[in-house]
Amino acid sequence: MKLIKAIIKPFKLEEVKEALSELGIDGMTVTEVKGYGRQKGHTEIYRGSEYTVDFLPKVLLEIVVDDSEVEKTTETIISVAKTGKIGDGKVFVLPVESATRIRTDETGAEAL
Amino acid sequence: MKLIKAIIKPFKLEEVKEALSELGIDGMTVTEVKGYGRQKGHTEIYRGSEYTVDFLPKVLLEIVVDDSEVEKTTETIISVAKTGKIGDGKVFVLPVESATRIRTDETGAEAL
Amino acid sequence: MKLIKAIIKPFKLEEVKEALSELGIDGMTVTEVKGYGRQKGHTEIYRGSEYTVDFLPKVLLEIVVDDSEVEKTTETIISVAKTGKIGDGKVFVLPVESATRIRTDETGAEAL
Amino acid sequence: MWFKGLTLGLLAFCFTNNILAGGVETFDSDYAAFMETSGSSFFTVSNLWLLLAAALVFTMHLGFATLESGLSRSKNTVNILFKNVFIISMGIITYALYGFNAMYPGFAEGSAGIFALGSWFNPADIVTAANMTAEYADYTWYTDFIFQAMFAATAATIVSGAVAERVKLSSFMIFATLLVAFAYPTAGSWQWGGGWLSAAGFYDFAGSSIVHAFGGFAALACVIVLGPRLGKYSDGKVKPIPGHSMPLAAIGVFLLFLGWFGFNGGSVLNADPYLVSLVFCTTALAASGGALGSILFSYFLLKKPDLSMGLNGFLAGLVGITAGADVIAPGESIIVGLIAGAIVVLSIIFLDGLKIDDPVGAISVHGICGIWGTLAVALFSDAATIGAQLTGTLAYSAFAFLFSLIVFSVLKFTIGVRVSEKEEEEGLDYSEHGQSAYNI
Amino acid sequence: MWFKGLTLGLLAFCFTNNILAGGVETFDSDYAAFMETSGSSFFTVSNLWLLLAAALVFTMHLGFATLESGLSRSKNTVNILFKNVFIISMGIITYALYGFNAMYPGFAEGSAGIFALGSWFNPADIVTAANMTAEYADYTWYTDFIFQAMFAATAATIVSGAVAERVKLSSFMIFATLLVAFAYPTAGSWQWGGGWLSAAGFYDFAGSSIVHAFGGFAALACVIVLGPRLGKYSDGKVKPIPGHSMPLAAIGVFLLFLGWFGFNGGSVLNADPYLVSLVFCTTALAASGGALGSILFSYFLLKKPDLSMGLNGFLAGLVGITAGADVIAPGESIIVGLIAGAIVVLSIIFLDGLKIDDPVGAISVHGICGIWGTLAVALFSDAATIGAQLTGTLAYSAFAFLFSLIVFSVLKFTIGVRVSEKEEEEGLDYSEHGQSAYNI
Amino acid sequence: MWFKGLTLGLLAFCFTNNILAGGVETFDSDYAAFMETSGSSFFTVSNLWLLLAAALVFTMHLGFATLESGLSRSKNTVNILFKNVFIISMGIITYALYGFNAMYPGFAEGSAGIFALGSWFNPADIVTAANMTAEYADYTWYTDFIFQAMFAATAATIVSGAVAERVKLSSFMIFATLLVAFAYPTAGSWQWGGGWLSAAGFYDFAGSSIVHAFGGFAALACVIVLGPRLGKYSDGKVKPIPGHSMPLAAIGVFLLFLGWFGFNGGSVLNADPYLVSLVFCTTALAASGGALGSILFSYFLLKKPDLSMGLNGFLAGLVGITAGADVIAPGESIIVGLIAGAIVVLSIIFLDGLKIDDPVGAISVHGICGIWGTLAVALFSDAATIGAQLTGTLAYSAFAFLFSLIVFSVLKFTIGVRVSEKEEEEGLDYSEHGQSAYNI
Ligand SMILES: Nc1ncnc2c1ncn2[C@@H]1O[C@H](COP(=O)(O)OP(=O)(O)O)[C@@H](O)[C@H]1O
Ligand SMILES: Nc1ncnc2c1ncn2[C@@H]1O[C@H](COP(=O)(O)OP(=O)(O)O)[C@@H](O)[C@H]1O
Ligand SMILES: Nc1ncnc2c1ncn2[C@@H]1O[C@H](COP(=O)(O)OP(=O)(O)O)[C@@H](O)[C@H]1O
């Protein structure tokens with residue numbers, strides 16, 4: 001099993017979710033985050049002083065999937081979330097050792 | 001060391017925390033997240049248009065524990081967070097390569 | 001590649017970000033979280049009843065870096081975020097199997 | 001019988017204009033003649049003051065809405081706001097259709113002064129010089145209606161706060177409608193309609209009992225029937241459930257304080273400079289005393305300066321002075337406030353000990369301090385005896401409690417008064433409304 | 001020509017005091033003499049009431065600001081608040097420099113009553129007894145100005161809500177200034193300045209058409225030129241974009257309700273007890289009817305008690321009664337409100353079907369219900385014929401629509417009216433202001 | 001000596017009713033006789049206006065509370081709200097116990113007009129016809145008290161904003177009490193109590209100096225003693241610490257604008273139609289000018305339309321017109337506002353350069369613009385000479401600055417005025433109150 005962490009632009013969330021859902025991905029966990037990256041933050045102004053806000057609103061998806069599904073999941077995310085403009089985000093894949101569904105104690109792929 | 005990621009229902013947080021604390025788990029990090037899963041979101045209505053809110057409020061616990069504690073930690077979380085109803089959440093376990101306590105530079109199990 | 005998860009005190013965020021930026025770390029993802037740890041929460045009072053708020057506001061940095069950069073990154077975080085007082089936080093390192101930049105489909109170190 | 005009356009009243013009410021067509025001309029000249037008299041001057045300014053007071057009391061409904069949302073969890077915010085939108089709309093309309101005339105014109109000669117049913121809204125004779133000039137009062141019939149209508153919904157709003165976060169919306173709406181449309185005008189008529197309590201020498205200037213204790217004890221009954229929120233009292237301990245937004249709560253309390261100038265000041269029922277200014281002073285001093293009393297007393301008990309208690313203290317002082325705002329001296333009103341501030345702290349802690357779960361403290365603020373305020377009239381002025389005050393405040397509290405206990409119990413055993421555990425956990429915003437209060 | 005006039009007016013206006021130095025003494029004694037007359041009493045209280053009404057209408061601008069922010073996404077909040085700060089400041093000042101005199105003193109003898117240009121602000125004769133006593137009206141010239149100035153900015157605020165979340169700030173500021181400074185006074189003068197519509201028997205008490213339909217149809221034109229927000233209508237489906245804070249929205253609506261007592265009540269233009277109290281009643285009853293109408297009707301359509309519709313319902317009822325608040329009977333005003341509440345629900349759903357994206361429902365609330373309210377005058381009173389009402393409301397709607405269509409299109413093809421996709425995605429707070437509304 | 005006076009005053013105050021028992025009957029008949037006179041009509045409406053103005057000024061305290069919370073970080077919100085609850089309660093009560101009589105009844109014949117101690121609150125002769133009729137003023141003694149009491153707390157509220165996010169609660173509470181209870185009435189009596197400044201021809205209509213510069217320079221002294229927030233000026237750079245909620249800040253500013261109609265309009269001290277309407281116009285025009293001035297000027301300097309500056313601009317314009325709202329012509333009040341709007345931008349940037357950390361801009365808005373407003377009286381009217389204005393404004397600024405410097409320094413070296421670094425980092429909500437403003 002793998003944990004896919006995808007950082008995307010907030011307005012793409014709905015679309016990505018729908019695409020994954022069509023793919024049969026039944027679950028994911030979403031966090032509002034602030035992203036720092038190449039997409040440079042604006043020079044903001046507050047009461048007369050400038051400062052750079054490097055942190056832009058992003059959305060972090062965390063999806064645990066079976067090894068076999070990693071590829072199509074990441075590909076779907078990438079193709080749907082892509083706008084081609086800077087700041088589109090990243091997809092990271094991490095190993096997961098176990099997964100359990102709290103309700104049923106099922107583990108492994110059953111738990112997803 | 002392992003990172004335990006547990007997604008639970010928000011109202012179970014307090015109980016889980018207490019149970020873990022009794023177990024001697026000294027630390028954890030908690031994030032408010034939105035969960036998408038089998039527990040289907042409601043059909044919501046906003047100013048006359050229906051839409052499905054698939055994202056339900058959940059709480060994500062992240063706990064790094066020594067390998068020896070993984071089992072009892074996950075078991076405790078599972079038993080306390082279980083309501084038996086859909087949407088109870090998941091527990092994922094990921095490998096952790098190192099841990100450091102910022103204050104003291106201690107690493108490994110000392111850091112937890 | 002590794003995922004560095006650093007939990008720090010919120011007011012240190014700006015400083016850490018600047019230090020990392022000088023180091024050439026081009027990206028990171030930041031989440032507001034609640035931390036439970038040795039730094040004991042206050043006994044709070046609400047309308048006449050006491051309760052312990054064990055959850056203190058923290059900031060979670062997630063940074064994926066190339067293996068070669070792990071050390072200097074964690075060291076920088078640790079040295080800048082340290083106040084020497086309880087509750088300074090932790091740095092965890094997790095293995096990452098792959099990284100992709102959504103905009104360009106670049107993978108690996110290119111993607112960071 | 002009463003249903004036919006209601007229908008007729010409704011119809012008649014809706015076609016006022018047509019019915020009135022005949023009488024308009026005499027009205028115009030009579031009214032113009034009155035406006036030429038020197039007495040029209042005090043009438044005009046008094047009338048304006050009562051209208052402004054009505055607007056201030058309206059502001060209190062925004063205050064209640066924000067206070068109640070602020071002191072609840074964010075997952076129940078839409079529900080709370082919705083209830084407040086409903087209560088004020090329903091309150092004004094039912095008061096127009098029935099409540100006002102049941103409460104006010106008072107009782108027929110020789111009646112027992114208990115139940116004023118029969119005086120249905122009868123629009124045919126509203127727009128007359130007798131209703132729109134000093135013959136009626138220091139304000140017009142319309143002013144009277146709108147000022148009293150703004151009060152009417154208050155009782156239900158008080159209950160709304162106490163049952164928040166777990167009550168079933170439909171049941172609450174039915175209950176609130178019955179409370180506002182029938183119970184409040186009936187009870188109100190006992191005193192303000194010239195009924196048996198007014199005959200008994202009871203004194204309640206702006207409604208410490210008639211509005212606040214009434215609302216507070218209705219709330220108590222409902223909370224007892226309903227039970228506490230999940231997780232509030234577990235393992236024999238009280239687990240505070242802090243409100244989700246203190247700024248919202250503070251906005252609510254300041255707006256309530258502001259509105260109270262209209263609630264009490266308007267209850268002078270004219271613009272008499274001495275009385276209205278006295279009432280403004282006693283109201284503000286009691287409120288201030290209440291906040292300081294709560295802050296000091298809770299600091300003494302709990303060793304922390306507690307904002308939530310300070311906010312409740314303002315309201316405690318305000319409720320406390322409401323019965324005697326025109327007869328208690330300013331200096332003493334500080335004392336009334338200070339005591340109310342201490343009482344509300346004790347009461348909140350005490351009720352929590354009894355596992356009576358009242359998220360906003362409505363029972364303590366309105367119920368207990370309402371009783372205190374009613375008694376304070378006897379202690380700090382000569383306006384009434386302690387006996388009369390006890391009788392009156394118990395009558396209102398008991399009636400509200402029993403009415404609510406019965407109606408809410410009936411609802412409980414028929415359609416149910418509480419959402420399911422699942423719905424409560426998810427929050428009423430999802431389960432009842434399919435909306436969330438906060439989005440990205 | 002007009003530019004020279006503006007400059008002269010501006011200069012003259014700025015040195016009122018000096019210019020006036022000569023006339024002050026006669027003013028003082030004339031004014032004092034008037035204040036001794038018995039008529040000064042009604043004048044004084046009427047004047048006070050209009051000033052308070054102005055303050056209440058001012059409160060509506062806070063209501064608009066919070067309602068509009070609450071119903072938009074958090075990333076556009078600074079932008080919305082900024083627009084509201086700008087609109088009210090710009091509105092008051094342009095109204096002082098030009099609008100008030102263009103709209104009010106009315107038309108010269110024999111004029112066509114269409115365009116009042118020429119009556120520039122001329123301060124030399126403002127502070128005269130004729131302007132500051134009952135000779136002028138039941139209030140002073142200054143009171144007249146401030147009360148009307150508070151209305152003036154409303155039209156632009158209505159548009160602001162409809163174009164929220166994607167309009168380019170600079171273009172909007174230009175458009176709003178032209179609308180408030182020129183279009184509104186011109187159109188307003190047709191009726192309230194004694195122009196051709198007032199001659200035609202049109203009746204619009206406080207502005208269902210003159211203010212609300214005018215604003216609503218200006219909004220419609222702008223929205224058509226501007227297009228919907230990204231993602232609102234994708235794959236042929238309507239995707240609701242819920243507002244970010246229902247408490248903010250609710251605060252806004254309650255404050256608007258409160259302010260409407262001044263908007264309608266002040267439009268009586270004196271403190272006449274009968275009329276002002278009637279207007280308070282019809283206003284509150286129509287608002288309540290509106291909320292219940294929307295709640296019931298949307299429940300019937302959508303099976304959920306919808307807070308956002310309940311809030312819109314309040315406003316629908318208020319807009320609906322605005323044209324006839326002084327001539328429609330209280331009972332009928334409930335019906336006007338109920339119907340407005342149903343209309344607004346249908347209208348919002350209908351416009352969404354047409355892909356006309358109006359984040360706050362301004363077109364439905366102000367535009368459609370403004371027309372309804374104007375027609376209701378003919379249906380529920382004898383104050384005007386349906387023909388006159390249709391003429392008037394169409395004149396205002398069409399003028400506002402065409403003016404806005406032309407001006408906004410010109411802006412579109414010159415400096416552009418819409419932010420880039422990127423800016424829209426990031427939110428206007430970042431892209432236009434470099435500020436964010438919420439921080440840690 | 002003074003302590004005995006205080007105790008006696010307190011006791012006497014608390015038993016007014018009893019003491020008065022004897023005199024009530026003559027009062028009743030004398031008062032009734034007055035109310036029959038034709039003069040009672042203007043008295044009644046003036047009295048009502050001042051009470052409403054008091055309610056509007058009360059609203060400003062909600063405005064301050066929300067503005068200050070909005071412009072601070074969320075971790076200090078409970079603390080800020082608590083301070084505001086405390087200030088208004090303490091302010092009203094200390095003003096009743098001491099301040100009002102020290103400030104107002106003025107000075108004995110032949111006194112130096114500097115310190116009015118001695119005129120303790122003596123309730124025995126309050127409820128007399130002389131105090132409750134036109135013999136006293138155009139309003140009753142009670143009205144006088146409540147209107148002035150609402151002003152009194154303002155000075156402390158201004159300081160509260162400037163020291164936010166790091167001041168130790170207990171020290172602030174002591175300081176605020178001393179400032180409101182003693183310093184403000186003393187200084188106020190110099191002018192409004194008929195003291196030396198009023199003799200010197202100083203003109204300050206509603207308190208640009210007496211209230212605002214006074215508060216602003218008290219704030220300056222406290223900020224100097226206190227030092228900047230951690231992290232505000234690091235590496236020689238200014239690091240802005242944006243407020244946590246712009247909607248809260250905007251609500252605050254709009255409410256302050258609204259309340260200012262009472263602050264300035266009520267300072268006419270009667271309902272004179274000409275003067276009150278003039279004051280409404282100058283107030284609104286200066287505020288609008290201030291917002292536009294700040295927006296334009298900050299846009300010019302910083303190339304971004306800055307909401308936080310626009311909001312400050314409103315307040316700058318309002319403070320700027322406060323001294324001369326009744327003597328400056330409407331056109332010129334726009335200019336006073338525009339200049340104030342530019343001044344506040346410069347001042348905020350300038351103070352930041354000096355590392356004087358004022359989270360809400362209180363020193364600039366109230367202090368610097370207070371001076372500007374005081375001088376503007378001499379520049380734009382004949383009400384006072386520039387010399388008199390300079391003397392007055394410097395007297396208030398210097399007195400407030402020195403008083404605060406001394407008292408706050410004494411506090412610093414005894415119990416300390418600042419929370420620990422750790423507490424500041426965690427936020428005062430945790431460390432001082434054990435509460436958090438926002439919960440789930
Ligand atoms: N090394 C990294 N570790 C974790 N998150 C990152 C990293 N680099 C970028 N991100 C996240 O991805 C987002 C987009 O990255 P950015 O460099 O701005 O643009 P792009 O994805 O087009 O290269 C950032 O806002 C941040 O949230
Ligand atoms: N594959 C997944 N990866 C990450 N999080 C998931 C995944 N599946 C479910 N979740 C999280 O777990 C929560 C509960 O899952 P759900 O399918 O609704 O119910 P259950 O846990 O009873 O199967 C979801 O709301 C989501 O936050
Ligand atoms: N085992 C853990 N797993 C995950 N997060 C932890 C763990 N222990 C501590 N943390 C996080 O680190 C923060 C600081 O830890 P704490 O024990 O309070 O102080 P210190 O870092 O000085 O030991 C906590 O608030 C929590 O967010």
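Note on naming: letters A, B, ... go to the chains in the order of the sequence lines (proteins, then strands), and numbering restarts at 1 for each one.
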In terms of heavy-atom proximity below 4.5 Å to chain D, should E:Ser41 be classed as side chain, backbone, both, or neither? side chain
Separation between OG of D:Ser69 and CE of E:Met246, rounded to the nearest 0.5 Å: 12.5 Å
Using a heavy-atom cutoff of under 4.5 Å, enumerate the residues of residues 45-60 of chain E that contact chain D, numbered in order, or state 'none'. E:Val45, E:Trp49, E:Leu52
Correct closest heavy-atom pair for D:Met150 and E:Ala284 would be CE-CB, 4.3 Å
Rounded distance [0.5 Å steps], CG in E:Leu338 versus CD1 in D:Ile93: 6.0 Å
Closest non-hydrogen atom pair between E:Pro247 and D:Thr77, with its separation: CG-CG2, 3.6 Å
Side-chain donor or acceptor of D:His433 paired with backbone N/O of E:Asp306 under 3.5 Å: no
Which atoms of E:Phe280 come close to chain D, meaning under 4.5 Å heavy atom to heavy atom: side chain ones, backbone ones, both, or neither? both
Grab the two heavy atoms, one from D:Ile440 and one from E:His244, that are nearest each other, plus how far apart they are. O-CB, 3.8 Å
If you count heavy-atom pairs under 4.5 Å with chain D, which of E:Ser245, E:Gly262, E:Ser38, E:Ala291 comes out on top? E:Ser245
Contact check, side chains of D:Tyr31 and E:Asp272, non-hydrogen atoms, under 4.5 Å: yes
Flag the one option from E:Gly310, E:Ala250, E:Pro305 with the top tally of heavy-atom pairs under 4.5 Å to chain D. E:Pro305
Does any backbone or side-chain atom of D:Leu169 lie under 4.5 Å from a heavy atom of chain E? Answer side chain, backbone, both or neither. side chain
Find the one option among E:Leu311, E:Ile295, E:Leu302, E:Val253 whose heavy-atom pairs under 4.5 Å with chain D are most numerous. E:Ile295
D:Tyr438 portion near chain E, given a 4.5 angstrom heavy-atom threshold: both
Most heavy-atom pairs under 4.5 angstrom with chain D, which of E:Cys281, E:Ala287, E:Gly337, E:Gly317? E:Cys281
Proximal component of D:Ser74, with respect to chain E [non-hydrogen, under 4.5 Å]: neither
Check whether D:Leu248 gets within reach of chain E through its side chain, its backbone, both or neither, counting any heavy atom under 4.5 Å. side chain
Got D:Phe86 and E:Leu292 here, is their nearest side-chain heavy-atom distance under 4.5 Å? yes
Minimum heavy-atom separation for D:Met35 and E:Pro273, please, with both atom names. CE-CD, 3.5 Å
Below 4.5 Å, heavy atoms only, C-beta onward: do D:Tyr142 and E:Val276 meet side chain to side chain? no
Taking side chain as everything from C-beta outward and backbone as N, CA, C, O, which of these in E:Tyr274 sits under 4.5 Å from a heavy atom of chain D? Side chain, backbone, both or neither. both
Using a 4.5 angstrom heavy-atom cutoff, name the option from D:Ile251, D:Thr44, D:Ile146 with the most pairs to chain E. D:Thr44
How far apart are the closest heavy atoms of D:Thr143 and E:Ser277, and which atoms are they? OG1-CB, 2.9 Å
Just checking, any donor-acceptor pair under 3.5 angstrom between side chains of E:Ser288 and D:Ser89? no
Would the number of heavy atoms belonging to other residues, nucleotides or ligands and lying under 6.0 Å from OH of E:Tyr299 be above 12? no
Measure the spacing between CG of D:Leu62 and CG of E:Leu258 and express it to the nearest 0.5 Å. 8.5 Å
What's the shortest heavy-atom distance between D:Gln435 and E:Ser308, and which atoms? NE2-OG, 3.6 Å
